[in-house]
S.K.: 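I am attaching a structure below and will ask some questions about it afterwards.
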Number of protein chains: 2
Amino acid sequence: MTKYTIKDIARETGYSISTVSRVLNNKEEGMSKETRKRILEVVEEMNYRPNQFARGLITKQSNMLGLIVPNISNPFFPELCRGAEDEAVNNGYSLIICNSDDQSSKEERYIRLLKEQQVDGVLLASMNKLTRENEGILTDSQIPYILVDRGLDVSTATGVFMDNFKGGYLAGKHLIELGHQKIGCMTGPVDITNSNNRLKGFLQALKEHDIPIPSHYIMNGNYHMEDAYDQAKQFLANNEVTALFASNDLMACGVYRAAFELDISIPNDLSVIGFDDIPFGEVLNPKLSTIRQNTYQIGKESVKLLIKKIHNEPVESLFYEPTLVVRKSTTKLPERSFS
Amino acid sequence: MTKYTIKDIARETGYSISTVSRVLNNKEEGMSKETRKRILEVVEEMNYRPNQFARGLITKQSNMLGLIVPNISNPFFPELCRGAEDEAVNNGYSLIICNSDDQSSKEERYIRLLKEQQVDGVLLASMNKLTRENEGILTDSQIPYILVDRGLDVSTATGVFMDNFKGGYLAGKHLIELGHQKIGCMTGPVDITNSNNRLKGFLQALKEHDIPIPSHYIMNGNYHMEDAYDQAKQFLANNEVTALFASNDLMACGVYRAAFELDISIPNDLSVIGFDDIPFGEVLNPKLSTIRQNTYQIGKESVKLLIKKIHNEPVESLFYEPTLVVRKSTTKLPERSFS
DNA sequence: CTGAAAGCGCTTACAG
DNA sequence: CTGAAAGCGCTTACAG
């Protein structure tokens, strides 16, 4: 099981390594069919694989892409990874998935690591304010990169984003149309654009319908389930609201748990709407109403964009439209008296 | 932002590239502190990073590890990935995570890809019967590998496993001690050892207590939520059982959904116990009783083992003990009449 | 259509 | 303690 090199193929076929290299790289079609065929045969036979180190040393390409996500335990991201990976592999790239655990120090470490690993490009889904300098590292090192799902400032860099403002707006509007007046909100991390935009859209909906929202109706969440549970437990104990918008489904899960423990019935006592549409939304009892993102698609398109960027083709940011998914966790306010 | 090479450092410091290389690789301590210090200074100053292609060409090491999981959407695996990744990074390795989607063809593709990418070792958490030949590829290519969580036959290769038999046994025993006599089971894929062992342990518990189990009490699941939902919906409609063991939590989620839609109350009409202890178990209503695995730990230890193997140190398979976690989805049979 | 040669950026015996 | 030189396995002008 010794590893063969291009020399072995050359010797075996009687051609020079230059020629072997050429057919392996599909260079210059002006080459006899015979030669090509013969060489390919032997390559197959000997199960020869080019050494990527040697190849990379010259081409400066690794055919690897990096993807940094903030929290692999949020089912949103595995879904995103799946889309990204499928697209990457279909284009001859492999994907290195890194989990920054929402720590900008880890994020920085991974960016450096990916750079040293000579990836051809990186997908950054992990931005927060603290990491503006991390983006600097990326820019400085000239590695092509694409922002995914999260960005500091959409105008700075190319990326694939969701219209989070509209998503928040849809969530707010849905609750309002159900007759709710006392509506709470659990935001995502304050330093993340997508979370801010969800909040802004939500507030805009309330404003348009002249529904006031006292500041203590707003909880600052961090997109995590545990924290959401802790906060909701306290918040709901002093229950005033009849509806709640959780800025992602993971936090909605935490809210469910808190509500259940406090004997607050969803949706009879409290309507809850989430954001993302993770698969577990359908398992929750009652099934979770939410704002759907095309997560898998976002992953795929991000890689497409990144590959274009690597090839120096012009790229433009992509924006997706979220949609409202009404299930069983939101209900009309009047119905409460029937329960 | 041009990239510096070892030559630049040599020129700048006045030393030869051999010397620079030596200090960079911490070789031969017999080297003047002065030299070392000066070179390190310049390296720092110029922010020099060695080219991994050139380095790998000689050392034949990439400092990359591969991890193939069967289903990244099952929260069990992100948790496993986190453990593996943390341990990998702490040891100077990066982790390439691949998702085989339970397809042995994809699994094979990834094994080849990782091999071509010249990873130093691979973690295989994705074995099924169809892939015995995939293991062959791994063996042939001489890449060190470790089986994680799943194995064809524990004796074949080194790995990190859970005592699945005991886990199944604990689940069965728990249900029996609660007074159940009609107990159903949804298995994992028939061709996966860990799933078979869970079933065997479960059956052993029933046998010890002289509890018969007709074959139609057993559903062949595939560890996925959707399929579990479909099967459970049919199974529970012809409801005979008072308790059900789902061989993983993801399937338990599907069972919950089916039960809910059929208006079957858990645990009053049906006790349910899962396996894995994924975070969502605590969000389900009622909270899911389950068999806990130290998933994060398993990930970490797998990487430790793999690194040992890479260094040609002796390695032995690791076996973890599962524990029973009783929450609210399982209850005493008599209590049903009170509800 | 094909080959000889240079060179990518390192590491590692081998000398001294 | 340090340097010159060979070589890792490829690709790519340059010739022919």
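Throughout, a chain's letter reflects where its sequence line sits, starting with A, and its residues are numbered from 1.
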S.K.: Can you pull the side-chain hydrogen bond (donor to acceptor under 3.5 Å, both in side chains) pairs that have at least one residue in residues 64-74 of chain A, sequence neighbours excluded?
M.R.: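 As it turns out, there is no side-chain hydrogen bond (donor to acceptor under 3.5 Å, both in side chains) pair with a partner in residues 64-74 of chain A once direct neighbours are skipped.
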S.K.: If a pair satisfies salt bridge (Lys or Arg N to Asp or Glu O under 4.0 Å) and one of its residues is in residues 86-95 of chain A, list it, with sequence neighbours excluded.
M.R.: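 Those involving residues 86-95 of chain A are A:D86-B:K106, A:E87-A:K300.
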S.K.: Test of understanding: with side chain to side chain donor-acceptor pair (under 3.5 Å), list the residues that count as partners of A:E41, not counting sequence neighbours.
M.R.: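 Expected list: A:R38.
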S.K.: Between atom CD1 in B:I6 and atom P in C:dG7, what is the gap in whole Å?
M.R.: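 Computing the B:I6:CD1 to C:dG7:P distance gives 19 Å.
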S.K.: Between the protein and nucleotides 3-6 of chain C, which nitrogen or oxygen pairs are less than 3.5 angstrom apart?
M.R.:
residue, atom, partner, partner atom, Å
C:dG3, OP2, A:S16, N, 3.0
C:dG3, OP2, A:S16, OG, 3.1
C:dG3, OP2, A:T19, OG1, 2.8
C:dG3, N7, A:R22, NH2, 3.3
C:dG3, O6, A:R22, NH2, 2.3
C:dA4, N7, A:S18, OG, 3.2
C:dA4, N6, A:S18, OG, 2.6

S.K.: Does A:T59 have a side-chain nitrogen or oxygen under 4.0 Å from the phosphate oxygens OP1 or OP2 of D:dT11?
M.R.: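 Indeed not, no polar side-chain atom of A:T59 lies that close.
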S.K.: With respect to A:L95, which candidate in A:V119, A:V89, A:L67 satisfies the side-chain contact (heavy atoms from CB on, under 4.5 Å) definition?
M.R.: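 Among the candidates, only A:L67 passes.
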S.K.: Check whether any side-chain N or O of A:N222 sits under 3.5 Å from a backbone N or O of A:H224 as a donor-acceptor pair, and report yes or no.
M.R.: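 It does hold such a pair.
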S.K.: Scan residues 109-123 of chain B for pairs that pass salt bridge (Lys or Arg N to Asp or Glu O under 4.0 Å), counting only residues two or more places apart or in two chains.
M.R.: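 The answer is A:R49-B:E116, B:E108-B:R112.
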S.K.: Wobble G-U and Watson-Crick pairs count when both distances are under 3.5 Å; given that, what is the 5' to 3' dot-bracket string of DNA chain C, with | for pairing to other strands?
M.R.: |||.||||||||.|||
S.K.: Nearest to the side chain of B:L57, heavy atoms from C-beta on, is which of C:dC10, D:dC8, C:dC1?
M.R.: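 My answer, after comparing the listed nucleotides, is D:dC8.
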S.K.: Report yes if at least one side-chain N or O of A:N51 is closer than 4.0 Å to OP1 or OP2 of D:dC8; otherwise report no.
M.R.: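 No.
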S.K.: Is any side-chain N or O of B:Y48 closer than 4.0 Å to OP1 or OP2 of C:dG9?
M.R.: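 Checking C:dG9 against B:Y48, no side-chain N or O comes under 4.0 Å of OP1 or OP2.
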S.K.: Could you tell me the separation between the CD1 atom of A:I58 and the P atom of C:dG9, rounded to a whole number of Å?
M.R.: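 The distance from CD1 of A:I58 to P of C:dG9 comes to 10 Å, rounded to the nearest Å.
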S.K.: So, does B:Y4 get its side chain near the phosphate of C:dC10, meaning an N or O under 4.0 Å from OP1 or OP2?
M.R.: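 For C:dC10, neither OP1 nor OP2 has a side-chain N or O of B:Y4 closer than 4.0 Å.
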S.K.: If you find the nucleotide of DNA chain C closest to A:A54 and the one closest to B:R55, which residue's nucleotide is nearer the 5' end?
M.R.: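 By nearest-heavy-atom nucleotide position, the 5'-most residue is A:A54.
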S.K.: Atom NZ of B:K60 to atom C1' of C:dC10: distance rounded to whole Å?
M.R.: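 After rounding, the reported distance stands at 12 Å.
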S.K.: Nearest to the side chain of B:P50, heavy atoms from C-beta on, is which of D:dT11, D:dC10, C:dC10?
M.R.: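 Among D:dT11, D:dC10, C:dC10, the one nearest the side chain of B:P50 is C:dC10.
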S.K.: Measure from CZ on A:R38 to P on C:dT2 and round the result to the nearest Å.
M.R.: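 Those two atoms, CZ and P, are 14 Å apart.
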S.K.: Figure out the CZ/P separation between B:F53 and C:dG9, and round it to whole Å.
M.R.: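 Answer to the nearest Å: 12 Å.
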S.K.: Take the protein atom CZ of A:R49 and the nucleotide atom P of D:dG9, then report the distance between them rounded to whole Å.
M.R.: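 From A:R49 CZ to D:dG9 P: 17 Å.
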S.K.: side-chain contact (heavy atoms from CB on, under 4.5 Å) with A:E12: which of A:V42, A:I39, A:V20?
M.R.: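 Only match with A:E12 under side-chain contact (heavy atoms from CB on, under 4.5 Å): A:V42.
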S.K.: For residues A:E85 and B:Y110, is any side-chain donor paired with an opposing acceptor at under 3.5 Å?
M.R.: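 Distance-only check passes for A:E85 and B:Y110.
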S.K.: Using modelled atom types only, decide if a donor and an acceptor are shared between the side chain of B:N51 and the backbone of B:F53 within a distance under 3.5 Å.
M.R.: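 Looks like yes, one N/O pair under 3.5 Å.
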S.K.: Rounded to whole angstroms, how far apart are CG on B:N25 and C1' on C:dA13?
M.R.: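 Atom-to-atom, B:N25 to C:dA13, this comes out as 15 Å.
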